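Have a look at the structure below, then the notes.
Convention: sequence-line order gives letters A, B, ...; per-chain numbering from 1. These numbers come from a predicted model, not from an experiment.
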Amino acid sequence: MLDKAFDPKSAEPRLYEAWEKSGAFKASGKGDPFTIVIPPPNVTGSLHMGHALNNTLQDVLCRFERMRGRSVLWQPGTDHAGIATQMVVERRMAERQEPRRTEIGREKFLEKVWAWKAESGGAIIAQLKRLGATCDWSRERFTMDEGLSAAVKKVFVALFREGLIYRDKRLVNWDPKLLTAISDLEVENTEVAGHFWHFKYPLEHGETYEFPIAHDENGEPTEWETRDYISIATTRPETMLGDGAVAVHPSDRRYAPIVGKKCLLPLADRYIPIITDEYPDPDFGSGAVKITGAHDFNDYKVAMRNDIKLYVLMDERARMLDADYIPEKYRGLDRFEARKQVVADIEERGLLIKVEDKKIMQPFGDRSNVVIEPMLTDQWYVDAEKMAIKAINAVLDGKTKITPDAWSKTYFQWMRNIEPWCVSRQLWWGHQIPAWYGPDGHVFVAETEEEATKEAILRYTQEGYSLEDINNMRRHEEGEAPLLVRDEDVLDTWFSSALWPFSTLGWPDETPELAKHYPTSVLVTAHDIIFFWVARMMMMGCHFMPDVPFRDVYIHALVLDEKGQKMSKSKGNVIDPLTLIDKYGADALRFTLAAMAAQGRNIRLSEARVEGYRNFGTKLWNAARFCEMNGCVFDAAFDPASARETLNRWIIHEAGKTVEEATAALQSFRFNDAAGAIYRFAWNVLCDWHIELAKPILMGEDCPAKEETRKTTALVLSEVFKLLHPFMPFITEELWRESASRETALIVAPWPEAKSLPRAESAAAEINWVIGLINAIRSARAEMNVPAGAKIEMVAVAAGPAPSLRLDLHRELIARLARLSSIRLADAAPKGAVQIVHEGGIYAMPLAGVIDIAAEKARLAKEIEKCVKEIEAVDKKMSNPSFVERAPVEIVEENRERRIAFAARQEKLAAALNQIAEA
RNA sequence: GGGCGCGUAGCUCAGCGGUAGAGCACUACGUUCACACCGUAGGGGUCGCAGGUUCGAACCCUGCCGCGCCCACCA
């Protein structure tokens, strides 16, 4: 006996445990493999709404495919999240007033991180389970576990040997708070209020030139002033101390007289050349640009092109260096203090022309939120441009399909303009780069130190060193030291994530899982990590594997808050999915997310919607209770094709249509369409009509029709459980178990097949006629203010043989649902009756004395008005010759029929109006 | 500066070439033996604006207005 309502709190953990124990999450069976690798959440993380959506959709697909008999592997795991995790642990150490990481050293620190991971790293996994995620937890991986580390090493070494990974000294995005380089993607450019300072750089030897200050309409100069300086503008005055030149555009005639000469770099008291380069825009600012090659990406390029000296100004914390080219007073100052000082000093010397307020784009570290400083350092790079080629082609050729297709454009755009990927990070938590340096600075890349050492010995031997020399190399003044010193840096977290689709399956070993499940079927993710992750998996997968990492990429929405803002911890606008699960159950949250996951659109989550879908679950629960109370028990031996009753054939027909619709939608990732179709069928068709229409039979005398109806109803309800299971796994599984004795759990039950639910168009037409009539009667009753409880008589006027038969067949149903006391046939409508027109028939309800003549007149007039409007619309179309000529025949025919139907209806209504007017 | 997306019922959103839809909210009625987390009936939209294409446009095209996102080196 079913309880009064479903209790998610007690049922969910119980059901989940049963599924897991049963081995349902394992990729067994002989079906076609269906594989999804989970976007590994950060070990530091907890489940947010984005995860909830992402994993709901993956779980919907996995459950759907599992029921369709495929051998489903949903590969789970977590990401070590280098920067984030290191930050979390360091913060915790600080809170506990423990020694800093630099004080305890690398090894001790890493022990602490591992300890932390062991202690609280599993939180998000538990939360995924609460959502109902059917990952194969026995295969859980971590990006820093042994197997994945082996994959990382192998990939790094291979790419290095192929020349696709290299070490280079160039400008990188430096995070002065986290003290590491970061990639372009980890920089967030934000517009901030800044200033634009205009400085004079005096010319050498007090030289002067004529600078045009007014022009005629042709742009010819008309007025000049004599200048002994060149005017430059900057948003970062402190960097002037590192200027190596001033550049102007070669076509800029204003500066032609002084090109090639030198100007004084104030404060630094150096002379720097005035050069030409294509970079300066003559129409912007003064047209002259100070070139600070070591602290600006553009300037760096100019400096490289023109062989301009670079002056590194700052240390790793962005404090001014103690360097001989920096005046003493600035040394040791923070860059922002230095800025103030520089401006003050320039002004004091009378070299400040003006200061403008200006909005500027400033780069911030996405983790640290401090201003990123371009710094000249040695880092490791992946030659992304070369690796992108195969990845681009794979999508072009359709080997990987991105859905919605609009995102492939974004993918291409980024891939085609890709920059070298800086993969080294000056952190401790992560995959330490497998590179070792010899005494002469030569780098040896190998999977192990032994191999690197072997290589080193080989190289030095070939260079003519004897074994003894090599041994001597190991000796420092202090004594024994290793020949090679390992690179301290670790790899970008995304480097290991990029290998996820094959590293989790066992690569580089040739495991059975790899053979069976690669390429994976679909990657489900949000668009904000297309660059970070999808693109890089494509590059790595296409390079190291014989095929693409996934056949489909499904890009889903971002979940936003009610104001349409991205949820973020810093904004404090996060809606916790677990709170919603506690309140409404996991099923309600899942269904809401799926129902709102329309392609190409973001989701603004509203709690009312979750509540609404929780109610849907309850509705289904109650339908099942009804079935239970009325002996509708699932019978595996019952064949829906054997159903004879019209009502049963109709509901089977409708169920078949729904199966088709939901299946097609799920196959093409239209989650919202699938959810909507199932919802409408379950509530608006099965509950609202079938169950209501079935009541008289179910509650009547025992007979074959009753037995068939019981079995049909139970069967259709079972089909709903199946269809709904991917979306609402808990409540459907519970009902599945409670409503019949079954051989298998719902989670592994076969997905419904449309072909086993035969269509019955004539039955559908008949039942729809009944439904329509009931609707019409109800509507008229309400409008005539007939009390809901009152039973009234109905007279079918001059009904033809077909409607008469239908009326006769469904007399009891119609009477019950429309609250009629009797139904009889007559040749004319009785006086003082409300008359309705349904599919050409007139149905009158005599309301002797009760009827409000004026109200009935108004009602009929309103109905007639509707017909007139429809007819007018059709006439307008039909009277247009080109419509009849050019529109498809079936459209024209449809309109013709429409006209006939409405005209007939209007005629009947008019007759009714006429009659009532006489009365 | 490029690129993408969005403006449809009070709110959150489907629909994207042939009769305007859902959930929530709202109004009226309802103790019908599954369900008030319910039922029945109903109100509510010139589908951002202006042009164009088409027999026909919420849907395609162009422009404009408003909003959002991504990328980018204007010092």
Using the [atom1] atoms only, state how far [M] lies from [N], rounded to an integer number of Å.
{"N": "B/A75", "M": "B/U62", "atom1": "P", "result": "32 Å"}
{"N": "B/C6", "M": "B/A20", "atom1": "P", "result": "22 Å"}
{"N": "B/C61", "M": "B/C73", "atom1": "P", "result": "31 Å"}
{"N": "B/A72", "M": "B/U54", "atom1": "P", "result": "42 Å"}
{"N": "B/C16", "M": "B/G7", "atom1": "P", "result": "13 Å"}
{"N": "B/G51", "M": "B/C24", "atom1": "C1'", "result": "37 Å"}
{"N": "B/C29", "M": "B/U46", "atom1": "C1'", "result": "33 Å"}
{"N": "B/U27", "M": "B/G18", "atom1": "C1'", "result": "34 Å"}

Kindly confirm or rule out a cation-pi arrangement of A/Arg905 over A/Phe902, judged by NZ or CZ under 6.0 Å from the six-membered ring centre and within 45° of its axis? no
Pick base, sugar-phosphate or nothing for [X], based on heavy-atom distances below 4.0 Å to the nucleic acid.
{"X": "A/Arg819", "answer": "base"}
{"X": "A/Glu692", "answer": "base"}
{"X": "A/Cys687", "answer": "base"}

Can you work out whether A/Ser882 or A/Val187 has the more 5'-proximal nearest nucleotide on RNA chain B? A/Ser882
Table please: side-chain donor-acceptor pairs of residues 191-200 of chain A below 3.5 Å, with sequence neighbours left out.
residue	atom	partner	partner atom	Å
A/His195	ND1	A/Asp357	OD1	3.0
A/His198	NE2	A/Glu356	OE2	2.5

As a test of understanding, state which of A/Phe730, A/Tyr584, A/Phe616, A/Trp621 forms a ring pair (Phe, Tyr, Trp, His ring centres under 6.0 Å) with A/Phe6.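 When ring pair (Phe, Tyr, Trp, His ring centres under 6.0 Å) is applied between A/Phe6 and each of A/Phe730, A/Tyr584, A/Phe616, A/Trp621, only A/Trp621 qualifies.
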Rounded to the nearest 0.5 Å, what's the gap from CG on A/Leu620 to CG on A/Leu735? Could you check?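 Reported to 0.5 Å precision, the distance equals 5.5 Å.
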Gap between atom CD of A/Glu692 and atom CG of A/Leu817 - 0.5 Å precision: 6.0 Å
Length of the line joining [X]:[atom1] and [N]:[atom2], which is rounded to integer Å:
{"X": "A/Asp673", "N": "B/C16", "atom1": "CG", "atom2": "C1'", "value": "12 Å"}
{"X": "A/Met596", "N": "B/C24", "atom1": "CE", "atom2": "C1'", "value": "11 Å"}
{"X": "A/Asn785", "N": "B/U27", "atom1": "CG", "atom2": "P", "value": "18 Å"}
{"X": "A/Leu698", "N": "B/A34", "atom1": "CG", "atom2": "P", "value": "10 Å"}
{"X": "A/Arg416", "N": "B/C70", "atom1": "CZ", "atom2": "P", "value": "22 Å"}
{"X": "A/Asn684", "N": "B/A22", "atom1": "CG", "atom2": "P", "value": "9 Å"}
{"X": "A/Arg609", "N": "B/A25", "atom1": "CZ", "atom2": "C1'", "value": "13 Å"}
{"X": "A/Met629", "N": "B/C35", "atom1": "CE", "atom2": "P", "value": "6 Å"}

Within the 4.5 Å heavy-atom criterion, are [X] and [Y] side-chain neighbours or not?
{"X": "A/Met240", "Y": "A/Val342", "answer": "yes"}
{"X": "A/Tyr300", "Y": "A/Leu376", "answer": "yes"}
{"X": "A/Arg614", "Y": "A/Met728", "answer": "no"}
{"X": "A/Asn672", "Y": "A/Met596", "answer": "no"}

Flag if over 12 foreign heavy atoms under 6.0 Å of NZ, A/Lys862: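 Counting neighbours around NZ of A/Lys862, 12 or fewer heavy atoms of other residues, nucleotides or ligands fall under 6.0 Å, so no.
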For atom CD of A/Glu893, is the number of surrounding heavy atoms from other residues, nucleotides or ligands below 6.0 Å larger than 12? yes
Could you give the side-chain donor-acceptor pairs of residues 285-292 of chain A under 3.5 Å, partners two or more places apart or in another chain?
residue	atom	partner	partner atom	Å
A/Ser286	OG	A/Ser231	O	2.4
A/Ser286	OG	A/Ala288	N	3.2
A/Lys290	NZ	A/Thr239	OG1	2.7
A/Lys290	NZ	A/Asp243	OD1	3.2
A/Lys290	NZ	A/Thr292	OG1	2.9
A/Thr292	OG1	A/Asp243	OD1	2.7

How would you summarise protein contacts on nucleotides 2-9 of chain B per nucleotide, using B for base, S for sugar-phosphate only and - for none, with heavy-atom distances below 4.0 Å? -SS-SS--
With sugar-phosphate taken as primed atoms, P, OP1 and OP2 and all else as base, the protein-contact string of nucleotides 37-44 of chain B at under 4.0 Å (heavy atoms; B, S, -) is BSSSSS--
For a salt bridge (charged side-chain N to carboxylate O under 4.0 Å, His left out) check, start with the C-alpha distance between A/Glu894 and A/Arg899, then their side-chain angles and the critical distance, and finish with the verdict. CA-CA 9 Å; A/Glu894 201 179 290; A/Arg899 201 207 128 113; over 6 Å; no
Assess the residue pair A/Asp7 and A/Lys9 against the criterion (salt bridge (charged side-chain N to carboxylate O under 4.0 Å, His left out)); give the C-alpha distance rounded to whole Å, side-chain angles, the decisive distance to 0.1 Å, and a yes or no. CA-CA 6 Å; A/Asp7 176 30; A/Lys9 272 208 168 72; over 6 Å; no
Convert the base pairs of RNA chain B into dot-bracket notation, remembering that pairs crossing earlier ones are written with [ ] and that bases paired across to another strand are shown as |; include only Watson-Crick or G-U pairs under 3.5 Å. ((((((((.[[[[.)..(..]]]].(((((.......))))).....[[[[[..)....]]]]])))))))....
Of the nucleotides B/A34, B/A22, B/C70, which one has an atom closest to the side chain of A/Phe531? B/C70
Measure from the side-chain heavy atoms of A/Asn672 and tell me the nearest of B/A34, B/G18, B/A14. B/A14
Show the distances under 3.5 angstrom between N or O atoms of the protein and N or O atoms of nucleotides 73-75 of chain B.
residue	atom	partner	partner atom	Å
B/C73	O4'	A/Asn298	OD1	3.3
B/C73	O4'	A/Asn298	ND2	3.1
B/C73	O2'	A/Asn298	ND2	2.8
B/C73	N1	A/Asn298	OD1	2.8
B/C73	O2	A/Asn298	OD1	3.2
B/C74	O2	A/Asp281	OD2	3.3
B/A75	OP2	A/Lys358	NZ	3.4
B/A75	O2'	A/Ala233	O	3.4
B/A75	N6	A/Asp281	O	3.0
B/A75	N6	A/Phe284	O	2.3
B/A75	N1	A/Asp281	N	3.0

A/His295 and side chain to side chain donor-acceptor pair (under 3.5 Å): which single residue from A/Arg236, A/Glu373, A/Arg335 fits?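 Of the listed options, the one satisfying the test is A/Glu373.
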Angle class for the A/Phe531/A/Trp414 ring planes (parallel below 30°, perpendicular above 60°, tilted otherwise)?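 Aromatic pair A/Phe531/A/Trp414 classed parallel.
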